[in-house]
Amino acid sequence: MTPENGKLIFENLFIKQAIKYLVVASSEEGKSYFCLCILILMITGNLISHFQLLFSIQMKIIHTADWHLGQTFFGYDRDEEHQVFLEWLTALLVKQQTDVLLISGDIFDVANPSATSQRRLFHFLKEVNRRNPSLQVVITAGNHDSAARLEAPDPLLKELSISVIGVIKRLPEGGLDLTSLVIPLSGKDGKRKAWCMAVPFLRQGDYPPAEELPDSYVQGIHRMYHALYKQVETMRQPGEAVIAMGHLHATGAELTENDRSERVIMGGLESVPADAFPAGLAYTALGHIHKAQRVGGKENIRYAGSPLPMSFSETKYRHQVVSIQIEAEEAVSIEAIPVPRTVDLLRIPANPASPAEVEAQLRELPELADEPLWKLPYLEIQVLLTEPDPGFRHRVEEILSTKAVRLTSIVPSYPKQKKDSLLQPLSYTDLQEIDPLVMLEHTYSAKYGSELPEEIKELFHEVMQEVAL
């Protein structure tokens, strides 16, 4: 940044503080301070430019990510859930008169999404443009997306002020085309007010090369963001904020329990520290981790999280999008806006219980009515087994056949056993000499905490005799 730009920004902060004293304090001291500021700026000739800067450079942004359009939840299609979320998001963007929508990757659940999923996305983009014509949308690809497929309609979408960044482009001489990842952001008046470093999910080699070896993925990510920020610094004017997007795993990020779609990339070696993002960024909009959270304790580096629950560990968790208000070069307001949950998650019982207790609780569930099937709660059953119960699932399905729920899974638990301190590693010879019945008795006892029933012993003997024949 040039000395002239730095001077203008310093003076801008000076007058902002003066206005704060005048409006908030409303004291004689505050009024005197305000008048002194005005006098100084009149002498320097910068009064008009500063008031234009203060009252024109404001921008409202919504940050979301990880939609996973086309995802199924334990085999159940979620298209209607996604439709309700996108309708809610459209209404929010219109109500708040949002200037920019940032979608930080994993738009689709798979690289080859269905026609229904693609239609859902394009219908949303068309509708939100119709109802909020000045809205600018920036979409980046995640690790679940096909970068080239997501970017394919970009020439058409640009006509609707929608930018899609998936592929890291290169210059004719082979270097990275950093300018293709830098997007100017404008307000409703059409004037540029900020810049967006729209970084998609990066694979090995998608970042600037290292000058010295050895190199790592994390170091490459660090170089990419700092090189982009340096590029933006040569392009922006005083008072224009810089915002970054990313789809990555930040160091210390809290993963969602039992979320199969939120896998750690490259064995966890890719965890990116918060200092990979330049300090001058007003806000960093991240995707990939499905639980909304701050990164490194910093308010302006955030995961928006997924809008729909991805596992039953999110039963009590409220999903969200993030609303950001930018003034000049700062994020002056960052607010989490809860996403209404359309379909509930039920865990019955709250803690594993015996089959009889589970069945009793299931019978108390409400009966089916005229509600659409896709609105019925998802149900996970937790059962504590002290012995084999092969008929349990059949009994459960019979009970639930008239209930207003959708069974997703039955999760068995077993009594906790003390570790056998006498267990020793066995050689091949030892294994040859062990009686198979002894092995079965030990396995049964370790799993269920009780002795092997006589009827199972008899069945085992019959099987052994048939095998021997």
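- Other residues, nucleotides and ligands contribute over 12 non-hydrogen atoms within 6.0 Å of the CD atom of E371.
- The minimum heavy-atom distance linking Y225 with A244 is given by the pair CE2-CB, 4.1 Å.
- Of the possible donor and acceptor atoms, one in the side chain of Y217 sits under 3.5 Å from a partner among the backbone N and O of L202.
- Within 6.0 Å of NZ in K169 there are more than 12 heavy atoms belonging to other residues, nucleotides or ligands.
- Looking only at distances, no side-chain donor or acceptor of H222 sits under 3.5 Å from a matching main-chain atom of A276.
- Panel note: side chain T72, backbone D77; no donor-acceptor pair is recorded below 3.5 Å.
- Remark: K457 engages E441 in a salt bridge, criterion side-chain N to carboxylate O under 4.0 Å.
- Using cut-offs of 30° and 60° for the angle between ring planes, the F124 and W67 rings count as perpendicular.
- Of the possible polar contacts, none joining the Q58 side chain to the E327 backbone as a donor-acceptor pair under 3.5 Å is found.
- The pair K193-E240 does not meet the salt-bridge criterion, since no charged nitrogen lies less than 4.0 angstrom from a carboxylate oxygen.
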Problem set entry | side-chain hydrogen bond (donor to acceptor under 3.5 Å, both in side chains) assessment of S311 paired with S313 | CA-CA 5 Å; S311 78; S313 64; 2.7 Å; yes
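- Side chains of P412 and F392 form no contact here, defined as non-hydrogen atoms less than 4.5 Å apart.
- Partners of E81 according to the salt bridge (charged side-chain N to carboxylate O under 4.0 Å, His left out) rule, which considers only residues two or more places apart in sequence or in another chain, are R78.
- Two rings, from F73 and Y378, have their centers less than 6.0 Å apart.
- Counting only heavy atoms from C-beta outward, the side chains of F201 and D206 never approach each other to under 4.5 Å.
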Exercise. Q71 and M310: side-chain contact (heavy atoms from CB on, under 4.5 Å), yes or no, with the steps?
Worked result: CA-CA 9 Å; Q71 187 217 27; M310 297 292 178; 3.2 Å; yes
For this session: Run the numbers on N112 and R149 for side-chain hydrogen bond (donor to acceptor under 3.5 Å, both in side chains), then give the verdict.
Result: CA-CA 8 Å; N112 187 22; R149 183 186 295 272; 3.2 Å; yes
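- Between L248 and L286, some side-chain heavy-atom pair lies under the 4.5 Å cut-off.
- The shortest distance between side-chain heavy atoms of H247 and D66 falls below 4.5 Å.
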For this session: Let me see the working for Q83 and E87 under side-chain hydrogen bond (donor to acceptor under 3.5 Å, both in side chains), right down to the final yes or no.
Result: CA-CA 6 Å; Q83 178 183 351; E87 289 174 351; 3.1 Å; yes
For this session: Tell me, with the steps shown, if V100 and I326 meet side-chain contact (heavy atoms from CB on, under 4.5 Å).
Result: CA-CA 11 Å; V100 179; I326 302 292; over 6 Å; no
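- I348 is not listed as a side-chain neighbour of V405, based on a closest heavy-atom distance of 4.5 Å or more.
- Between Y317 and H319, the ring planes are perpendicular. Angles over 60° get that label, and only those under 30° would be called parallel.
- Here the closest non-hydrogen pair linking L176 and Y207 is CD1-C, 3.4 Å.
- For the atom pair T402 OG1 and L368 CG, the distance stands at 6.5 Å (nearest 0.5 Å).
- Atoms CD and OG, on E299 and S333 in that order, are 10.5 Å from each other to the nearest 0.5 Å.
- Atom NZ of K126 is separated from atom CG of L121 by 13.0 Å, given to the nearest 0.5 angstrom.
- Residues L437 and L452 are in side-chain contact: their nearest non-hydrogen atoms beyond the backbone lie under 4.5 Å apart.
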Problem set entry | CA sep, side-chain torsions, deciding dist, call: Y283, I61, side-chain contact (heavy atoms from CB on, under 4.5 Å) | CA-CA 10 Å; Y283 183 80; I61 298 172; 6.0 Å; no
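- Between atom CH2 of residue W374 and atom OG1 of residue T342 there is a gap of 5.5 Å, rounded to the nearest 0.5 Å.
- Remark: I399 CD1 to L407 CG distance equals 11.0 Å, nearest 0.5 Å.
- Here the options are L89, T64, V321, the test is side-chain contact (heavy atoms from CB on, under 4.5 Å), and the partner is I337; only V321 passes.
- Closest of all the heavy-atom pairs between A65 and A304 is N-CB, 4.2 Å.
- Annotation for Q136 and L185: closest pair OE1-CA, 3.4 Å, computed over non-hydrogen atoms.
- Minimum interatomic distance between D106 and N143 (heavy atoms only, all atoms of both residues): OD1-N, 3.2 Å.
- Distance check: T315 OG1 to E380 CD gives 7.5 Å after rounding to the nearest 0.5 Å.
- Smallest separation of non-hydrogen atoms from A404 and P377: O-CD, 3.3 Å.
- Side-chain contact between C196 and L102 is present, with at least one heavy-atom pair separated by less than 4.5 Å.
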Exercise. After noting the C-alpha distance and the side-chain angles of I324 and R302, does the key distance pass the side-chain contact (heavy atoms from CB on, under 4.5 Å) rule?
Worked result: CA-CA 11 Å; I324 310 103; R302 294 201 182 202; over 6 Å; no
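- The closest donor-acceptor contact from the side chain of Q293 to the backbone of E254 lies under 3.5 Å.
- Shown here are the side-chain hydrogen bond (donor to acceptor under 3.5 Å, both in side chains) partners of S146, two or more places apart in sequence or in another chain: there are none.
- Applying the side-chain hydrogen bond (donor to acceptor under 3.5 Å, both in side chains) criterion to D215, with sequence neighbours excluded, gives R223.
- Counting heavy atoms from C-beta outward, M224 and L181 have side chains that approach closer than 4.5 Å.
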